[in-house]
Amino acid sequence: MVSKIKFENVTKIFTNPDGEEVHALNGVNLDIEDGDFVCLIGPSGCGKSTMLRILAGLDKPTEGAVYINGEKITRPNYDRGLVFQDPNLFPWLNIHDNIAYGLKTRHIYKKDKDKVGQFMELVGLSGFEKSYPHQLSGGMCQRAALARALIGEPNALLLDEPLGALDAFTRMNMQDELLRIRKEKNMTMVMVTHDVDEAVYLANKIVVMSPRPAKIEEIITVEHSYPRDRNNDEFIALRSRILKVLNFAGKEKEAEYYI
Ligand SMILES: Nc1ncnc2c1ncn2[C@@H]1O[C@H](COP(=O)(O)OP(=O)(O)O)[C@@H](O)[C@H]1O
Ligand SMILES: [Mg+2]
């Protein structure tokens, strides 16, 4: 069977303005199946966003390739929706028009305009059509960004720390929203996060990455059904296991501080 998304030996080398080479990814291989919720987790600067940008078609690998449904990715396309940490809404457009923007640029707004209301409802924003981004909370703006990405009916939703700027309670609510949308739309999701709990709560596949040049340290399959209980023993054991792979479990080396 062809995997839905396949990273094949992906290496990415950037060149700094002073000519120095930065090896961001080093021979990354990863298979993502239909309906997977994959979380990429690893230290800052290890190449998580680079992986997602290559998958989005915004960047090209130096070596190797990424395939979606067997086809090599060379540019962005509507089959992959993108959500970043910053919702990036147009401040001069109301929420309805922000969400409708992609339909208009594709000249399918006339045919699909009813979808705007449907997707606003899907993300829980009904009634805020006429509001402007500055009138909404951070969580609501991120819901609008989600609706904008989903309205193109992508095959896969790519999320780069989408909940990173939200407060803890809003963040947990949005995690449940993502799971609900995924179930309703039967969608593949690939999400970058640096929050171990978030990854254990959401993903069925957790890809733990090493420091730069990033390679995949371990792929952990999470079999637990949804909704997950953040307090049960298996959840806590999984969290400890990931922290260990990331070398944050403590005790291994002498601490440089004592309290
Ligand atoms: N356009 C670029 N030019 C030069 N270096 C880059 C560029 N984009 C990313 N990098 C470098 O590649 C490495 C990985 O970056 P990134 O994928 O953003 O990391 P992460 O998302 O895991 O924090 C970092 O060292 C970063 O500085
Ligand atoms: Mg990043």
Side-chain angles (χ1 to χ4, degrees), residues 5-30 32 36-68 73-76 80-89 138 141-142 145-146 148-149 154 156-168 171 174-175 178 188-203 205-220 239 242-249:
I5 294 169
K6 192 173 190 63
F7 282 76
E8 207 170 74
N9 207 19
V10 174
T11 292
K12 178 70 185 178
I13 304 170
F14 291 107
T15 308
N16 272 343
D18 49 9
E20 189 195 335
E21 285 190 344
V22 178
H23 289 246
L25 299 172
N26 195 11
V28 167
N29 291 296
L30 177 65
I32 298 173
D36 268 350
F37 198 136
V38 175
C39 276
L40 306 176
I41 194 160
S44 180
C46 80
K48 304 179 292 297
S49 295
T50 303
M51 260 181 91
L52 213 64
R53 287 176 59 80
I54 292 173
L55 174 51
L58 295 170
D59 238 328
K60 287 199 165 54
T62 312
E63 273 174 46
V66 184
Y67 300 87
I68 184 160
I73 292 172
T74 53
R75 60 188 172 82
R80 283 151 283 143
L82 263 172
V83 181
F84 299 98
Q85 181 170 338
D86 184 332
N88 286 316
L89 299 174
C141 286
Q142 206 50 297
L146 260 177
R148 185 184 50 188
L157 191 63
L158 316 183
L159 307 136
D160 195 348
E161 304 201 29
L163 313 181
L166 304 178
D167 67 81
R171 186 171 188 147
M174 289 295 286
Q175 289 168 355
L178 283 176
T188 307
M189 294 194 176
V190 185
M191 175 164 166
V192 169
T193 181
H194 55 244
D195 182 329
V196 177
D197 275 45
E198 185 163 275
V200 178
Y201 191 70
L202 294 175
K205 239 180 224 175
I206 302 177
V207 178
V208 188
M209 295 169 71
S210 67
R212 193 162 52 81
K215 51 183 180 39
I216 293 175
E217 206 67 65
E218 199 168 330
I219 299 175
I220 297 172
R239 178 205 287 146
I242 296 169
L243 287 172
K244 215 171 215 158
V245 180
L246 291 169
N247 281 323
F248 284 114

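Atoms within a ligand are numbered from 1 in the order they appear, just like the ligands themselves. Owing to the predicted nature of the structure, the values given are computational and were not obtained by experimental measurement. The figures here come from the full heavy-atom set of this structure, side chains too, leaving out hydrogens, waters and symmetry mates.
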Practice task
Compare all side-chain heavy atoms of Thr193 with those of Leu159 and state whether any distance is below 4.5 angstrom.
Solution key: no
Exercise for the section: Give a yes or no on whether Ser44 keeps an N, O or S atom under 2.8 Å from the Mg ion (ligand 2). Expected result: no
Completion exercise
The reported gap from CG in Leu52 to CE in Met191 (rounded to nearest 0.5 angstrom) is 10.5 Å
Practice task
Using a cut-off of 6.0 Å, state whether more than 12 heavy atoms not belonging to Glu63 lie near its atom CD.
Solution key: no
Problem - Check: Ile216 and Phe7 side chains under 4.5 Å, non-hydrogen atoms - result: no
Measure and list all N/O to N/O distances between ligand 1 and the protein that fall under 3.5 angstrom.
{"unit_1": "ligand 1", "atom_1": "17 (O)", "unit_2": "Ser49", "atom_2": "N", "d": "3.4"}
{"unit_1": "ligand 1", "atom_1": "17 (O)", "unit_2": "Thr50", "atom_2": "N", "d": "2.9"}
{"unit_1": "ligand 1", "atom_1": "17 (O)", "unit_2": "Thr50", "atom_2": "OG1", "d": "2.5"}
{"unit_1": "ligand 1", "atom_1": "19 (O)", "unit_2": "Gly47", "atom_2": "N", "d": "3.3"}
{"unit_1": "ligand 1", "atom_1": "21 (O)", "unit_2": "Ser49", "atom_2": "N", "d": "2.9"}
{"unit_1": "ligand 1", "atom_1": "21 (O)", "unit_2": "Ser49", "atom_2": "OG", "d": "2.8"}
{"unit_1": "ligand 1", "atom_1": "22 (O)", "unit_2": "Cys46", "atom_2": "N", "d": "3.2"}
{"unit_1": "ligand 1", "atom_1": "22 (O)", "unit_2": "Gly47", "atom_2": "N", "d": "3.0"}
{"unit_1": "ligand 1", "atom_1": "22 (O)", "unit_2": "Lys48", "atom_2": "N", "d": "2.9"}
{"unit_1": "ligand 1", "atom_1": "22 (O)", "unit_2": "Lys48", "atom_2": "NZ", "d": "2.9"}
{"unit_1": "ligand 1", "atom_1": "23 (O)", "unit_2": "Gly45", "atom_2": "N", "d": "2.7"}
{"unit_1": "ligand 1", "atom_1": "25 (O)", "unit_2": "Arg212", "atom_2": "NE", "d": "3.0"}

Problem - Separation of Leu178 CG from Met189 CE (nearest 0.5 Å) - result: 5.5 Å
Problem - CG on Leu55 to CG on Leu82, rounded to 0.5 Å - result: 8.5 Å
